[in-house]
Asks: 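Got a structure for you, written out below as structure tokens; questions coming shortly.
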Amino acid sequence: QVQLAESGGGLVQAGDSLRLLCAASGFTFSSYAMGWFRQAPGKERELVAGIRWSGGSTYYADSVKGRFTISRDNAKNTVSLQMNSLKPEDTAVYYCARGLTSYGISYPNAYDYWGQGTQVTVSS
């Protein structure tokens, strides 16, 4: 019933930008925190950004801080990840995730549902 559909991934060169979009349905979107995870080949899933239900507070992993921006539009049931100054080490499958109210947005365990993912590849 819960649906999270990511889009916007692709192949870019280092220094370029991409904007990922997650369209949510099947739940009351404005009542939940949202986040973005990524998983690179041979590595574990990593929480890269989170945002509270109100949009008033955000979290970023140190590896993306200053380059990525998470935002949400509760009227459209969407959450975006603007990625600037991309690096080859950003290459991964990126997943949109729904948060839980009992955990802070900076904790990976605060999220309980993931979309199918979208591939981001950054070349040198």
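Any value given below was found using the heavy atoms of this structure, including those in side chains, with hydrogens, waters and symmetry copies removed.
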Asks: What closest approach, in Å, do S106 and Y59 show between heavy atoms, and which atom pair accounts for it?
Replies: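 Looking at all heavy atoms of both residues, the shortest contact is CB-CD1, 3.4 Å.
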Asks: Does atom CD (Q116) have a neighbourhood of more than 12 heavy atoms from anything else shown, all under 6.0 Å?
Replies: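 Yes, enclosed.
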Asks: Determine, for F29 and R72, whether the Lys NZ or Arg CZ falls below 6.0 Å from the six-membered ring centre while staying within 45 degrees of the axis.
Replies: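 That pair qualifies as a cation-pi contact.
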Asks: To the nearest 0.5 Å, what is the distance between CZ (R52) and OG (S57)?
Replies: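 So the CZ of R52 and the OG of S57 are separated by 5.0 Å.
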Asks: Which heavy atom of W36 sits nearest to which heavy atom of E6, and what is that distance?
Replies: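 Of all heavy-atom pairs spanning W36 and E6, the closest is CZ3-CG, 3.8 Å.
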Asks: Do N84 and S17 get their side chains close enough for a donor-acceptor pair, meaning under 3.5 Å?
Replies: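 Yes.
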Asks: Would you say the ring centers of Y60 and F68 fall short of 6.0 Å from each other?
Replies: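 So the answer is no for these two rings.
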Asks: Going by ring pair (Phe, Tyr, Trp, His ring centres under 6.0 Å), name the pairs with one or both residues in residues 105-124, residues two or more places apart or in two chains.
Replies: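 Ring pair (Phe, Tyr, Trp, His ring centres under 6.0 Å) check on residues 105-124 returns F37-Y111, F37-W114.
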Asks: How far apart are the closest heavy atoms of Q119 and T91, and which atoms are they?
Replies: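 Looking at all heavy atoms of both residues, the closest pair is NE2-CG2, 4.1 Å.
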Asks: Are W53 and S30 close enough, and set up right, to give a side-chain contact (heavy atoms from CB on, under 4.5 Å), and what steps lead you there?
Replies: CA-CA 6 Å; W53 65 269; S30 61; 5.6 Å; no
Asks: Not counting sequence neighbours, which residues clear side-chain hydrogen bond (donor to acceptor under 3.5 Å, both in side chains) with N77? List them please.
Replies: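 With sequence neighbours excluded, N77 shows a side-chain hydrogen bond (donor to acceptor under 3.5 Å, both in side chains) to no residue whatsoever.
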Asks: Does E44 CD have over 12 foreign heavy atoms under 6.0 Å away?
Replies: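 No - once you tally the heavy atoms of other residues, nucleotides and ligands closer than 6.0 Å, there are 12 at most.
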Asks: Any salt bridge (charged side-chain N to carboxylate O under 4.0 Å, His left out) involving residues 24-42? Give me the pairs, sequence neighbours left out, ordered by first then second residue.
Replies: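 Only R38-E46, R38-D90 qualify under salt bridge (charged side-chain N to carboxylate O under 4.0 Å, His left out).
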Asks: I need the minimum non-hydrogen distance between S71 and R19, along with the two atoms involved.
Replies: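 Reported closest heavy-atom pair: OG-NH2, 4.3 Å.
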